[in-house]
Enquirer: 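Below is a structure I'd like to ask you about.
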Amino acid sequence: MKRWLPWRLRNKQCTFYIGGTVIIVLLILQCFNHWEVSRNRECLGDGPSHDKNTHAVRQDTVSLLEGQETIDYIAEYVSVKFKVLKNNPRDSIQAIYLTNTGIAVLRGGNWQIYFNHLYKMMHEKGGVAATGHVIHGSGFRLFHVKGSLYRLQPEPEVFRPLYPSETRTLILTGNYQQVAKTDSFPNWYVTSPGSTPRVLQSTVGESLDYVDNYNQSSWQWRRDPQEQNDPYTARVRFYMYANISHDLGRVGSLVLPTPEEADIDVKTLLSITPKDWVIISNAEFTSEAKYLADHCPIQFSYNFPKKRYIYLSKHPSDMNLSSEEYVLKVEPTTEIIQVYAEGKAGAFYGVQTILALLQREGNQLVIPKTLIRDKPRFPYRGIQLDVSRNFHSKETVMKLLDSMATYKLNKLHFHLSDDEGWRLEIPGLEELTQVGARRCHDTSEKSCLLPQLGSGPHTTSSGSGYYTLKDYREILMYAKKRHVQVIPEFDVPGHSRAAVKSMEARYKKYVPLDVESGGEFLLSEWDDKSNYSTAQSYDDGVLNVCIESTYTFLQHLIASVKELHQDVQPLDVVHIGGDEIAREAWTKSPACKTLTEERNITDFRFFFVHRVIELLQNQGLAAGVWEDGIIPKDVYPYNIKDLRNKQPSREIFAYAWNNIWEYGRSSRAITLANAGYKVVMAQATHLYFDHPYEPDPLERGLYWATRYIDTRKVFGFIPMHLLLNADVTGRGISLENTSEEKLGCLHKDTCLLKSPKNIVGLEANLWTETIRTNDQLQSMAFPRLLAMAERAWHKAPWEDILNKKERLVKLEADWITFSNTLGYRELRQLDQMGVKYRVPPPGALIVNNELRVNCLYPNLEIQYSSDGGKTWTTARHPTERVRKSGASKRPIKVYTDHNILVRTLSADGRRYSRVIAVNINKDI
């Protein structure tokens, strides 16, 4: 016994030494790992702060139960930060920082974090595999779910507990450069099997506070070394405004858009006491006369007085007016205002011109002596509104229609379906709205589509919503009164995921019940193993064009929508989309293989478009289609006679959009017009209003076509000489000496417009991937839409000047008139209409301790702050004109080493622009 005890003690002592050595080694390794993570974070960019004492403190932590308690904790206490570390020529390096801000230890388990990201993410080259990728050093596995939706989940046996105050860094590679804050989305959420999903609180809100501001390095806002687009500094903006802006001290034009012929004598005014005047009309123009009475304090009457009336009537035979043309006469001596028109639309545009000229002075109205003869240059003057990516209410649409009417726009291209949502109730196909109009966390997609574009796990966001039959008919009636034609679009065969999944849900619902009609409207083929990825990263968003149930669905859809329009605004055109069809779609479809074998059909795009156009023409309807739906390759479209082989045939409207200059596709609009299509000019480089106003990471919008589109660029668009618009590439590199061949003129006939009458108009496009709220929608549309309305209605003399230097001189003079019209009147008009247009940031610089400021539009107040934004002082009053140098008449002396902040106010003074910083020595 005595001999055994010493041996046992010695054995314990040895065990103690060995165990202690192992513990010390483990602690050293842990410290080294902690140092390495911190070192990597320091090298790759400053992330959130990391508490060095995290691992030394254990007594204050608590344990979490798996399930809802863990989900609730993560939602409340795991803070997310996102940062682009560097953009490379072919990709970008990005970081996600997850910080545990609570007091519990977060351990691995079956919880998952979902988030949306605009561009594809890949941990390794080639994209995220179906099995996901473990992100090195993080303990997380990344999965691509669908579209913009990604999932992070702890990797078993790899995930290390996330302790209180600890930050975990996830380094990722994006397959595209990312230079804007709005490329990221709100409403990340966490869930686990059997738990209720919760949104991570740090990602809630439209301010996107969890996203870095891209202000630490040019590698964050430049896509590659060739990038010429840097964010404007206050100094750059000041000199840019000084070159293109000039304060006339008055409104530039009294009527916008500019009339074709106008003689307005502002010195001879007609004073109107509203109670003494009436509005009258002939029987045909009663609704237009009542519209005028609703929008001014003069009553409509059926009695014809001797004087003091506004009269809407048919034109005398010698005037020879077209349907949208009008003549307006204001005669102060006789106290009579007359509008002559041939059609109701012409009378309505005459009414809009009266409303533009009427000004209130106390209790009276005044209007100058006027003689105007006016008509639009194009019959198609439209805006495309995407309500699929994010739903926008009936009221939002109606407010947009009000603005369209004010500026004589007449086409609402209503994009009602896409991958992310179906927005119109269709009788007999309830699943389209029961499933396709909702986005929520249901991985089976039996009750809703997966969350996309920041819609979150619940159906309460802008990701969900639709127009009932009643809603849609009310929109039609509202549009009809304002002479706006509604053109519904149902995007097929690509961009069809909402419809495809809805009909699959219908099939799964009815087939178990042995209902034969379950597959009647099916848009997909179960045995189709085609492997493709769309531009929006879907592998199941293209309907199958080779199965008959697809055409049964489309026939039902067309008939239903036609009936819905019938007694309100008869349907005339249906836009069928046709764009961005994935190349590999249908390649392994048994049904398509059968068509090839039995009927020798190999061009399935043509097969589909031809059949759908035939369905429309059988209903007496014209078809609208995006350019790539009818251009099988880069330049030449299908023969229009082959597409509409039915007599009599209706028009086919081709919407030309993809004109990226450096890609050599700019001639598509011309070749389409020469081929007999009616072409709507919707060029992305000038008319895509989902792009930002400035090349700044903090400005909302996409930038795939061009880095930015400001109001001045829209105003300068020349639709009939398309190549004259080729200014810079998307990277901002000048195209001054680029040959026409490189711009897309492969042959002389591809850029020679032989059929100018086939260019029927212009369309501004409001895609809404990054536009979730009504305010965002309005700020992206206005005031750019006013510039587009000007170009669609009025042809400026400078548009036909081929000499660039001479043309620019005339253009700049015209722009000065237009910008003064905005600054002195139209922006205030938009304020009164409740339209929250974008307020441009000011230009500013400091010279000899004197602050100089200017703005894109004259007559807007500019304020400055020298105490970090706590108080603001007027730097330029709306009524104060500035010297040519841009300096205020009242020099503003500043004596501080701190940044001076400046901002522009809206015309009514209730809102302000993005705040810009200026320094004594340099501006930021």
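On a predicted model such as this, the values are computed, not experimentally measured, just so you know. The residues of the chain are indexed from 1 along the displayed sequence. Both backbone and side-chain heavy atoms feed into the values below; hydrogens, waters and symmetry mates do not.
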Enquirer: Got more than 12 heavy atoms from elsewhere within 6.0 Å of NZ, Lys394?
Expert: yes

Enquirer: Go through the side-chain N and O atoms of Tyr472 and His565 and say whether any donor and acceptor fall under 3.5 Å apart.
Expert: yes

Enquirer: Give a yes or no answer on whether the side chain of Gln776 reaches the backbone of Arg772 with a donor-acceptor pair at less than 3.5 Å.
Expert: yes

Enquirer: Counting distance only, does the side-chain N/O of Lys508 pair as donor-acceptor with the main-chain N or O of Lys446 below 3.5 Å?
Expert: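 Absent.
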
Enquirer: Within a radius of less than 6.0 Å around CD of Gln555, do more than 12 heavy atoms belonging to other residues, nucleotides or ligands occur?
Expert: no

Enquirer: Under 3.5 Å, is there a donor-acceptor pair between the side chain of Asp491 and the main chain of Gly578?
Expert: yes

Enquirer: So does Ile771 get a backbone contact from the side chain of Arg700, meaning a donor-acceptor N/O pair under 3.5 Å?
Expert: no

Enquirer: Centroid separation under 6.0 Å, is that true for the rings of Trp526 and Tyr507?
Expert: yes

Enquirer: Going by heavy atoms in the side chains, are Val145 and Thr443 under 4.5 Å from each other?
Expert: no

Enquirer: Say whether, by atom type as modelled, one donor and one acceptor occur between the side chain of Arg439 and the main chain of Gln452 under 3.5 angstrom.
Expert: yes

Enquirer: Out of curiosity, Ile426 CD1 to Ser560 OG, how far, rounded to the nearest 0.5 Å?
Expert: 5.5 Å

Enquirer: Can you label the angle between the His117 ring and the Tyr150 ring as parallel, tilted or perpendicular, going by 30° and 60°?
Expert: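 Perpendicular: the ring planes of His117 and Tyr150 meet at over 60°.
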
Enquirer: Show the numbers, then the answer: is there a ring-ring contact (aromatic ring centres under 6.0 Å, His included) between Trp422 and Phe490?
Expert: CA-CA 9 Å; Trp422 184 282; Phe490 304 97; 5.3 Å; yes

Enquirer: Check whether the side chains of Thr768 and Asn390 place a donor and an acceptor atom closer than 3.5 Å, and report yes or no.
Expert: no

Enquirer: Glu420 and salt bridge (Lys or Arg N to Asp or Glu O under 4.0 Å): which single residue from Lys501, Arg438, Arg389 fits?
Expert: Arg389

Enquirer: Report yes or no: is the cationic atom of Arg506 (NZ for Lys, CZ for Arg) closer than 6.0 Å to the six-membered ring centre of Phe521, at no more than 45° off its axis?
Expert: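 Not satisfied by the 6.0 Å and 45° rule.
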
Enquirer: Excluding sequence neighbours, so at least two apart, what forms side chain to side chain contact (heavy atoms under 4.5 Å, CB included) with Arg583?
Expert: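 Side chain to side chain contact (heavy atoms under 4.5 Å, CB included) list for Arg583, sorted by chain: empty.
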
Enquirer: Closer than 3.5 angstrom, by distance alone: can the side chain of Arg482 be matched with the main-chain N or O of Asp402 as a donor-acceptor pair?
Expert: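 Checking the backbone N and O of Asp402 against the side chain of Arg482, no donor-acceptor pair under 3.5 Å is found.
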
Enquirer: Just do the ring-ring contact (aromatic ring centres under 6.0 Å, His included) check on Tyr407 and Phe782 with the steps written out, would you?
Expert: CA-CA 12 Å; Tyr407 297 103; Phe782 297 94; 7.5 Å; no

Enquirer: Are a donor atom and an acceptor atom from the side chains of Ser444 and Asp442 found within less than 3.5 Å of each other?
Expert: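 Result is yes, a qualifying pair exists.
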
Enquirer: Could you state the interatomic distance from CG (Leu409) to NZ (Lys411), rounded to the nearest 0.5 Å?
Expert: 11.5 Å

Enquirer: Does Arg423 use its side chain to pair, donor to acceptor, with the backbone of Val387 at less than 3.5 Å?
Expert: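 Side chain of Arg423 to backbone of Val387: a pair is present.
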
Enquirer: With no hydrogens and no angle check, just 3.5 Å: does a side-chain donor-acceptor pair link Ser530 and Asp528?
Expert: yes

Enquirer: Quick one: does any side-chain atom of Gln569 pair with a main-chain N or O of Val484 as donor and acceptor, under 3.5 Å?
Expert: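 A pair under 3.5 Å: yes.
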
Enquirer: Once you round to the nearest 0.5 Å, how far does CD1 of Ile71 lie from CD1 of Ile113?
Expert: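 Rounded to the nearest 0.5 Å, the CD1-CD1 separation comes to 8.5 Å.
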
Enquirer: Do Glu206 and Thr773 meet the criterion of a side-chain donor-acceptor pair at a distance under 3.5 Å?
Expert: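 Note: Glu206 and Thr773 side chains miss the donor-acceptor criterion.
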
Enquirer: Between Glu425 and Tyr466, do the side chains contain a donor N or O and an acceptor N or O under 3.5 Å apart?
Expert: no

Enquirer: Measure the CG-CD distance between Asn410 and Glu324 for me, rounded to the nearest 0.5 Å.
Expert: 5.0 Å

Enquirer: The criterion is salt bridge (charged side-chain N to carboxylate O under 4.0 Å, His left out); which residues satisfy it with Lys633, sequence neighbours excluded?
Expert: none

Enquirer: Give a yes or no on whether the backbone of Glu580 and the side-chain of Asp628 come within a donor-acceptor separation of less than 3.5 Å.
Expert: yes

Enquirer: Does a donor on one side chain sit under 3.5 Å from an acceptor on the other, for Ser533 and Lys120?
Expert: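 The answer is yes; a qualifying pair exists.
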
Enquirer: Looking at Asp294, I want to see if its CG is surrounded by more than 12 non-hydrogen atoms of other residues, nucleotides or ligands under 6.0 Å.
Expert: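 Enclosed: over 12 neighbouring heavy atoms sit under 6.0 Å from CG of Asp294.
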
Enquirer: Centre-to-centre under 6.0 Å for Trp626 and His413, is that the case here?
Expert: yes

Enquirer: Check for me whether Arg497 meets the cation-pi criterion with Tyr538, that is, NZ or CZ under 6.0 Å from the six-membered ring centre and within 45 degrees of the ring axis.
Expert: no

Enquirer: Does the side chain of Ser461 pick up a donor-acceptor pair with the side chain of Asn187 at under 3.5 Å?
Expert: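 There is no such pair (donor and acceptor under 3.5 Å, judged by atom type) between the side chains of Ser461 and Asn187.
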
Enquirer: Step by step, would you call Tyr638 with His610 a ring-ring contact (aromatic ring centres under 6.0 Å, His included)?
Expert: CA-CA 10 Å; Tyr638 294 126; His610 176 265; over 10 Å; no

Enquirer: Mark yes when over 12 heavy atoms from residues, nucleotides or ligands other than Lys588 sit less than 6.0 Å from its NZ; otherwise mark no.
Expert: no

Enquirer: Main chain of Thr396, side chain of Ser393: is a donor-acceptor contact present, judged purely on distance under 3.5 Å?
Expert: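 Confirmed, Ser393 side chain pairs with Thr396 backbone.
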
Enquirer: We want to know whether His483 and Glu288 form a side-chain donor-acceptor pair, criterion being a heavy-atom distance below 3.5 angstrom.
Expert: yes

Enquirer: Step by step, would you call Leu785 with Leu766 a side-chain contact (heavy atoms from CB on, under 4.5 Å)?
Expert: CA-CA 10 Å; Leu785 193 60; Leu766 263 177; over 6 Å; no

